[in-house]
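What you see is a predicted model; the values in this text were computed from it and never measured. For the single chain, residues carry numbers from 1 onward in sequence order.
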Amino acid sequence: MADVQNQSVLYAERPEWEDVIPLPQYDSVKPLAPIFYTPEYKDATDYFRGIVKMEEKSPRVLDLTENIIRQNPAHYSAWQYRYKTLMALGVPLEEELRLMDELAVKYLKTYQVWHHRRLLVQQTRNPAPELAFIAGCLQEDAKNYHTWSYRQWLLAHFNDEALWENELDFVDGMLDVDVRNNSAWHHRFFVVFQSGVRKGEEDRSEVLHRELTYVKMKISVVPNNMSAWNYLRGILDHSKTPYSTLTSFVAPYCEAAPTRPDDSSKDIVDLEDPFPSQDAHLPCVAAIEFMADIHESLGGDNLQVATELWSSLASTHDTFRKKYWEYRIREAQSRAH
């Protein structure tokens, strides 16, 4: 790790760097619109270009690249040359991973940080501690794309049953905290349907039934949650299950005040067709759209029903997307003639 106290001293003023000839970015060139860097950044990157030209790979290169990365964590060339230097020196990578623990949290949204960590873990081949580290990062930003992508890469690359063992429970926990977390829903689909068949999940019809029950229960609690409705559509499309098989479930969500069955009770939940929660804001736009898609897929006289549902969205329930619903109506009518 670089000497923090020495960071403010320019490399041009350090005796140990006298043997390196710094290379300016715009050597012999006068750009029309030059980028104005800080003196510290310009100094460090000038010496970095000098080091690269010399093809030097030494401990001081690690100091230099860390300096640059702390000033600009998206400097791809600094990351790449740092990795090559680590490999050339053959140093233990545990200290580098500890540095990445700091930088990943500090620069969560910087792709290069996660790519560098991926390269390191490929070398250490010790993925197990990474799951806890990722979980901690998701506490900072539960929807960060790079963090979720890294978790999926880790699981798929090593494909160790021990890594997968508690993944569904992990996603359950994330969705319990925020049922609208689209990243968590996407990860659930990846775990259940896009990463092979895990032990105990060989019966795919049973898995499909479990997931349908799960997502329908989540929708019943928070109906106006597009992430859950998208997950529902995703598993139906993946399993080639007709949307029309869910008509009885969707119907109550399309009404402003659905009539509950006579035998319904707050203490009894129909797991197949759970009713909207008592405080649900209805009708639900996603449900009306889903029902319109059902009628459109059935064709014939059902197209008129679909058109009426789209019209209600355009005029009342989802006026923000009025032009889109009018487009859907025109498309359906053109196919009907």
Side-chain angles (χ1 to χ4, degrees), residues 92-94 96-98 100-102 104-105 108 111 113-222 225 227-228 230-239 241 269 271 274:
L93 299 178
E94 287 70 25
E96 184 74 3
L97 279 170
R98 285 195 293 272
M100 291 305 102
D101 289 350
E102 174 201 342
V105 174
L108 277 173
Y111 164 76
V113 176
W114 294 100
H115 180 68
H116 186 72
R117 191 178 189 96
R118 179 184 299 192
L119 295 175
L120 295 176
V121 174
Q122 283 179 302
Q123 293 295 325
T124 63
R125 300 201 62 78
N126 183 26
E130 294 298 289
L131 292 180
F133 171 75
I134 296 167
C137 290
L138 290 173
Q139 293 299 313
E140 298 292 326
D141 183 353
K143 302 176 183 179
N144 184 30
Y145 171 80
H146 298 308
T147 312
W148 283 105
S149 294
Y150 178 66
R151 191 176 185 96
Q152 291 187 1
W153 168 82
L154 190 83
L155 292 164
H157 179 78
F158 291 99
N159 201 27
D160 187 332
E161 196 63 38
L163 295 176
W164 290 101
E165 187 176 9
N166 298 312
E167 200 60 16
L168 210 53
D169 291 338
F170 171 75
V171 181
D172 285 346
M174 295 296 293
L175 290 173
D176 285 343
V177 172
D178 180 6
V179 74
R180 293 182 174 85
N181 188 337
N182 190 59
S183 298
W185 281 107
H186 179 270
H187 189 68
R188 187 180 185 93
F189 192 87
F190 168 78
V191 172
V192 178
F193 297 107
Q194 293 184 313
S195 57
V197 179
R198 310 262 73 81
K199 184 179 179 180
E201 299 201 341
E202 293 83 1
D203 188 341
R204 302 312 286 173
S205 61
E206 182 179 313
V207 170
L208 174 62
H209 182 265
R210 180 195 72 196
E211 292 305 300
L212 284 173
T213 300
Y214 180 87
V215 69
K216 285 191 286 187
M217 287 301 300
K218 294 296 187 185
I219 288 173
S220 72
V221 176
V222 184
N225 175 14
S227 296
N230 286 337
Y231 185 80
L232 177 61
R233 286 173 175 270
I235 60 179
L236 292 175
D237 292 343
H238 181 81
S239 62
T241 303
V269 178
L271 296 180

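Across Gln122, Glu96, Glu130, a single residue satisfies side chain to side chain donor-acceptor pair (under 3.5 Å) together with Arg117, and that is Glu130.
How far CZ of Phe189 is from CD of Gln194: 5.0 Å, rounded to the nearest 0.5 Å. If you take CG on Leu232 and CG on Asp237, they are separated by 9.5 Å, rounding to the nearest 0.5 Å. Interatomic distance, Glu165 CD to Lys199 NZ, rounded to the nearest 0.5 Å: 9.5 Å. Expressed to the nearest 0.5 Å, how far CG of Leu208 lies from CD1 of Ile235 amounts to 6.0 Å. For the atom pair OG of Ser183 and CH2 of Trp148, the computed distance is 7.0 Å after rounding to the nearest 0.5 Å. A distance of 5.5 Å separates NZ in Lys216 from OG1 in Thr213, rounded to the nearest 0.5 Å.
Taking the salt bridge (charged side-chain N to carboxylate O under 4.0 Å, His left out) definition, one finds that Glu161 meets it with Arg198, sequence neighbours left out. In terms of the ring-ring contact (aromatic ring centres under 6.0 Å, His included) criterion, residue partners of His115 (sequence neighbours excluded) are, by chain and number, Tyr111. Residues satisfying the side-chain hydrogen bond (donor to acceptor under 3.5 Å, both in side chains) criterion with Trp164, sequence neighbours excluded, are Asn159. In this structure Asp203 satisfies the salt bridge (charged side-chain N to carboxylate O under 4.0 Å, His left out) test with no other residue, sequence neighbours excluded. The ring-ring contact (aromatic ring centres under 6.0 Å, His included) test applied to Tyr150 returns Trp114, Trp153, not counting sequence neighbours. With sequence neighbours excluded, the residues satisfying side-chain hydrogen bond (donor to acceptor under 3.5 Å, both in side chains) with Thr241 are Ser239. Legend: residues meeting side-chain hydrogen bond (donor to acceptor under 3.5 Å, both in side chains) with Glu206, ordered by chain and number and at least two apart, are absent. Qualifying side-chain hydrogen bond (donor to acceptor under 3.5 Å, both in side chains) partners for His238, counting only residues two or more places apart in sequence or in other chains: none. A search for side chain to side chain contact (heavy atoms under 4.5 Å, CB included) contacts involving Glu94 returns Pro92, Arg98, not counting sequence neighbours. In this view, Arg118 satisfies the salt bridge (charged side-chain N to carboxylate O under 4.0 Å, His left out) rule with no residue, not counting sequence neighbours.
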Could you pull out all donor-acceptor pairs under 3.5 Å where a side-chain atom in residues 167-178 meets a protein atom, sequence neighbours excluded?
residue, atom, partner, partner atom, Å
Glu167, OE1, Arg151, NH2, 3.1
Glu167, OE2, Arg151, NE, 2.5
Glu167, OE2, Arg151, NH2, 3.4
Glu167, OE2, His187, NE2, 2.8
Asp172, OD1, Arg188, NH1, 2.6
Asp172, OD1, Tyr214, OH, 3.1
Asp176, OD1, Lys218, NZ, 3.1
Asp178, OD1, Arg180, N, 3.0

List the atom pairs, with distances to 0.1 Å, where a side-chain N or O of residues 133-140 and a protein N or O form a donor-acceptor pair under 3.5 Å, not counting sequence neighbours.
none

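Counting heavy atoms from C-beta outward, Phe193 and Glu211 have side chains that approach closer than 4.5 Å. Two residues are said to be in side-chain contact when any heavy atoms from C-beta on lie closer than 4.5 Å; Val179 and Val221 fail this criterion. The closest side-chain heavy-atom distance from Gln152 to Val191 is not below 4.5 Å.
Between the side chain of Asp160 and the backbone N or O of Leu155, no donor-acceptor pair lies under 3.5 Å. Within the 3.5 Å criterion, the main-chain N or O of Lys143 finds no donor-acceptor partner in the side chain of Asn181. Side chain of Ser195 to main chain of Phe190: a donor-acceptor pair is present (N/O by atom type, distance under 3.5 Å, no hydrogens or angles).
Shortest non-hydrogen contact noted between Val113 and Ala104 is CG1-CA, 3.5 Å. Shown here for Arg204 and Glu201, the closest heavy-atom pair between the two residues is NH1-O, 3.0 Å.
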- Would you sort out whether Leu93 and Val121 count as a side chain to side chain contact (heavy atoms under 4.5 Å, CB included), showing the intermediate values? CA-CA 9 Å; Leu93 299 178; Val121 174; over 6 Å; no
- Decide side chain to side chain contact (heavy atoms under 4.5 Å, CB included) for Glu202 and Val207; before the verdict, give the C-alpha distance in whole Å, the side-chain angles of both, and the deciding distance to 0.1 Å. CA-CA 8 Å; Glu202 293 83 1; Val207 170; over 6 Å; no
- Thr147 and Leu108: side chain to side chain contact (heavy atoms under 4.5 Å, CB included), yes or no, with the steps? CA-CA 7 Å; Thr147 312; Leu108 277 173; 4.0 Å; yes
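His157 NE2: more than 12 foreign heavy atoms inside a 6.0 Å radius. Other residues, nucleotides and ligands place more than 12 heavy atoms under 6.0 Å from the NE2 atom of His146.
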